[in-house]
Asker: 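Structure below; questions to follow.
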Amino acid sequence: MPDVVVVGAGPTGIMLANELALHGVHAVVLDKQTAPTPVVRALGLHARSIEVLEQRGLLDRFLAEGTTYPVGGFFAGIAKPDPSGLDTTHPYVLGIPQPVTERLLTERAAELEVDIRRDQELTGLVQDDDGVTAELADGTRLRARYLVGCDGGRSTVRRLVGIDFPGEPSRVDTLLGELEIGESPETVAAVVAEVRATEKRFGVAPVGGEVHRVVVPAGGVAEDREEPPTLEEVRRQLRVVAGTDLGVHSPRWLSRFGDATRLAAAYRAGRVLLAGDAAHIHPPMGGQGLNLGLQDAFNLGWKLAAEVAGWAPEGLLDTYGTERRPVAADVLDNTRAQMELVSTESGAQALRRLVSELMDIEEVHRRLVEKITATAIRYDVGGDHALLGRRLRDVRLERNGRLYALMHAGRGLLVDQTGRLSAAGWEDRVDVVVDTGDELDAPAVLLRPDGHVVWAGEDQDHLVGRMEVWFGAGGSGAPGGGPDGGGHAAGQRAGHRSSSSSP
Ligand SMILES: Cc1cc2nc3c(=O)[nH]c(=O)nc-3n(C[C@H](O)[C@H](O)[C@H](O)COP(=O)(O)OP(=O)(O)OC[C@H]3O[C@@H](n4cnc5c(N)ncnc54)[C@H](O)[C@@H]3O)c2cc1C
């Protein structure tokens, strides 16, 4: 019996399964599709997702297949120079098509021996005190201790467990596709420039050879958005919106999307959890949905693994929802605002001009970029220190080099500049590095496996208290935790995984 069934092999599901596998959790990923979709939805990754990949040692393979762009211009497409002072060592957008992101995550899953099963549609589920039984369309059943719905905006899992999905329905649909164009590049550029002066939901851009990505407003809201548009529908809408169909032909694929905005009322119902689009949907303004899903998975993975392993402290798994739901609510709000700013209404256009003017104030632009890039997220982990609840950027340590290189295994990390602290008793969950760094604004910090700071200071007793809150009771060697663990643990080094032994 697997520990966890993950429903959906999109970016969220694969990312989650990979995180679980790092911790030795046996996860089975089910997807109803026989093969990954060629439809290119997301076009890029933002700073926090880039950091997440770096924290797991995966960034190089993504950089090798992507292109980096400046971060300015992502809020409602309002072009501005990059703001200075972003708190990240990766202040760029990584342009990489969603199918490539999914392929690279899937290749990683293969390395980690994640069990991905395609052509497996979840149609029912039953949960009890000990586990969840997934019922599949072919009549088979699969039982696991937990089940996570990463099955997209129309989540079957969400419906089956009765979690509400309140919000606004789609008001406008947009057609999207990759097609060949019959017009010259000059004509296409002139049409795009003219139409985009007022209609921001229009675009035609080359993606390789004769093939172009075409985005054009639809004529209405589709009853069934899973039904792709026809070539004739795309041509008709191009003529309506741009006055020419640009001679489009030979579509590689066609798709449509709406602007519905919805947030799951809860992220958990007993042993069933939701992540990614299954938990939140919004228009693709600013390119945030896939990023949000990856970061949900990064938050959930180690917590669910801790439950499975049996060391999770009381309430740890529920912090997934209390932390990530407000983050999604904020993204929903910023996309609602962006949708207003791209409206062709004269009042909205005036508001766009005003916002553009305000964005010339660097502080304002930086705040908006921080929202899109998810680099200023602060979870409520208690305490006052400025670092608490934030993820630490990839600071440079004196002897060990970059911080994120120490986090590939997905474990907790105590970075100790004092050389006097100990994590004895938690060696199986927390690594220790004794080192100094100019960019580290605390004597020592305790990082969760997702890189968020849950303790900063120099007091061993206080550290032990926070260690228990986030990593559960210490084993043998912890203060009071076993025959050898009595008394104060400060200064103990035996049995530690320590990258360096002195400050
Ligand atoms: C036009 C467009 C552009 C976008 N651009 C960006 C962007 O630039 N940046 C960005 O971050 N995001 C962007 N997004 C959003 C992004 O595509 C989604 O947020 C992302 O795909 C969500 O990933 P997911 O894994 O949560 O869900 P999905 O990608 O929807 O994957 C869900 C998976 O679950 C499977 N499934 C569904 N039901 C079942 C079932 N019952 N049983 C088994 N399997 C099931 C599906 O087959 C699918 O493989 C864009 C979206 C659109 C439409």
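Indexing begins at 1, ligand by ligand and atom by atom, following the structure's order. Everything numeric in this text was worked out from a predicted model, so none of it was measured.
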Asker: Return the residue, atom name and 0.1 Å-rounded distance of the protein heavy atom closest to atom 31 (O) of ligand 1.
Answerer: G10 CA, 3.7 Å
Asker: Give the numbers and elements of all ligand 1 atoms closer than 4.0 Å to a heavy atom of G44.
Answerer: 8 (O), 9 (N)
Asker: Is the shortest N/O to N/O distance between K32 and ligand 1 below 3.5 Å?
Answerer: yes
Asker: Answer yes or no: does atom CG of D380 have more than 12 heavy-atom neighbours from other residues, nucleotides or ligands under 6.0 Å?
Answerer: no
Asker: So that I know where these two stand, are Y92 and Y69 an aromatic pair - ring centroids less than 6.0 Å apart?
Answerer: no
Asker: Short list, please: which atoms of ligand 1 are under 4.0 Å from a heavy atom of T156?
Answerer: 41 (N)
Asker: Are F74 and H46 an aromatic pair by the rule of ring centers under 6.0 Å?
Answerer: yes
Asker: Give the residue and atom name of whichever protein heavy atom lies nearest to atom 23 (O) of ligand 1, and the separation in Å to one decimal.
Answerer: P11 CG, 3.5 Å
Asker: Just heavy atoms, cut-off under 4.0 Å: does P284 contact ligand 1 by side chain, backbone, both, or neither?
Answerer: side chain
Asker: Any chance CD of E232 has more than 12 other-residue heavy atoms, nucleotides or ligands included, within less than 6.0 Å?
Answerer: yes
Asker: Ligand 1 versus T37, non-hydrogen atoms closer than 4.0 Å: side chain, backbone, both, neither?
Answerer: neither
Asker: Are side-chain N/O atoms of Y404 and R56 paired as donor and acceptor at under 3.5 Å?
Answerer: no
Asker: Tell me if the CZ atom of R239 is crowded by more than 12 foreign heavy atoms within 6.0 Å.
Answerer: yes
Asker: Which atoms from ligand 1 have a heavy atom of L43 less than 4.0 Å away?
Answerer: 7 (C), 8 (O)
Asker: Taking both backbone and side-chain atoms of T12, is any N or O found less than 3.5 Å from an N or O belonging to ligand 1?
Answerer: yes
Asker: If we only count N/O pairs under 3.5 Å, is A278 in contact with ligand 1?
Answerer: no
Asker: Find all atoms of ligand 1 within a distance of less than 4.0 Å from any non-hydrogen atom belonging to Q98, and give their numbers and elements.
Answerer: 16 (C), 17 (O), 20 (C), 21 (O), 29 (O)
Asker: Quickly, which of R391, H90, Q295 forms a side chain to side chain donor-acceptor pair (under 3.5 Å) with E51? Name it, please.
Answerer: R391
Asker: Identify whether the distance between the nearest side-chain nitrogen and carboxylate oxygen of R252 and E180 falls below 4.0 Å.
Answerer: yes
Asker: Please determine whether the number of non-hydrogen atoms from other residues, nucleotides or ligands lying under 6.0 Å from atom CD of E107 exceeds 12.
Answerer: yes
Asker: Tell me whether the guanidinium CZ or amine NZ of R271 lies under 6.0 angstrom from the six-membered ring centre of Y146 and within 45° of its axis.
Answerer: yes
Asker: Can you check which of A42, G153, P283 brings a heavy atom nearest to atom 5 (N) of ligand 1?
Answerer: A42
Asker: Give the residue, atom name and distance (to 0.1 Å) of the protein heavy atom nearest atom 28 (P) of ligand 1.
Answerer: R41 NH2, 3.5 Å
Asker: At their closest point, which heavy atom of P449 faces which heavy atom of F298, and how far apart are they?
Answerer: O-CZ, 4.1 Å
Asker: Provide the number and element of each atom of ligand 1 under 4.0 Å from a heavy atom of L176.
Answerer: 1 (C)
Asker: Please confirm whether V7 comes within less than 3.5 Å of ligand 1 when only nitrogen or oxygen atoms on both sides are compared.
Answerer: no
Asker: Find out whether the Lys NZ or Arg CZ of R158 is both under 6.0 angstrom from the six-membered ring centre of F165 and within 45° of the ring's axis.
Answerer: yes
Asker: Taking 4.0 Å as the limit for heavy-atom contacts, which would you say applies to H46 with ligand 1: side chain only, backbone only, both, or neither?
Answerer: neither
Asker: Quick check on contacts: which atoms of ligand 1 are under 4.0 angstrom from a heavy atom of Q120?
Answerer: 42 (N), 43 (C)
Asker: Could you tell me whether the side chains of E111 and N18 share a donor-acceptor contact shorter than 3.5 Å?
Answerer: no
Asker: Hey, does A275 come in under 3.5 Å of ligand 1, counting only N/O atoms on both sides?
Answerer: no
Asker: Say whether G293 and ligand 1 are in contact under the criterion: heavy-atom distance to a ligand atom below 4.0 Å.
Answerer: no
Asker: State the atoms of ligand 1, each with its element, that fall below the 4.0 Å cut-off from a heavy-atom position in Q33.
Answerer: 47 (O)
Asker: Around atom CZ of R171, are there more than 12 heavy atoms from other residues, nucleotides or ligands closer than 6.0 Å?
Answerer: no
Asker: Under a 3.5 Å cutoff, is there a donor and acceptor pairing between the side chains of T174 and R201?
Answerer: yes
Asker: Identify, for atom 38 (N) of ligand 1, the protein heavy atom at the shortest distance, and state residue, atom and that distance.
Answerer: D151 CB, 3.6 Å
Asker: For D277, is at least one N or O under 3.5 Å away from an N or O on ligand 1?
Answerer: yes
Asker: Which protein non-hydrogen atom lies closest to atom 32 (C) of ligand 1, naming both residue and atom, and how far is it?
Answerer: C150 O, 3.5 Å
Asker: Would you say ligand 1 has an N or O under 3.5 Å from any N or O of G276?
Answerer: no
Asker: Please state which part of S255 comes within less than 4.0 Å of ligand 1, counting heavy atoms only: side chain, backbone, both or neither.
Answerer: neither
Asker: Please determine, by modelled atom types, if T322 and T319 share a side-chain donor-acceptor pair under 3.5 angstrom.
Answerer: no
Asker: Specify the closest pair of heavy atoms between A269 and V161, including all atoms of both residues, with the distance to one decimal.
Answerer: CB-CB, 4.1 Å
Asker: Any atoms of ligand 1 less than 4.0 Å from a non-hydrogen atom of G8? List them with their elements.
Answerer: 33 (C), 34 (O), 35 (C)
Asker: So is there a nitrogen or oxygen of G289 less than 3.5 Å from a nitrogen or oxygen in ligand 1?
Answerer: yes
Asker: If you have a sec, work out which protein heavy atom is nearest atom 48 (C) of ligand 1 and how many Å separate them, to one decimal?
Answerer: D31 OD2, 3.4 Å
Asker: Among protein heavy atoms, which sits nearest to atom 27 (O) of ligand 1, and what does the distance come to when rounded to 0.1 Å?
Answerer: G152 CA, 3.8 Å
Asker: So do the side chains of V214 and L246 get within less than 4.5 Å of each other, counting heavy atoms only?
Answerer: no
Asker: Within the structure, does F257 bring an N/O atom to less than 3.5 angstrom of an N/O atom in ligand 1?
Answerer: no
Asker: Quick one: look up the protein heavy atom nearest atom 40 (C) of ligand 1 and list residue, atom name and how far away it is.
Answerer: L122 N, 3.8 Å
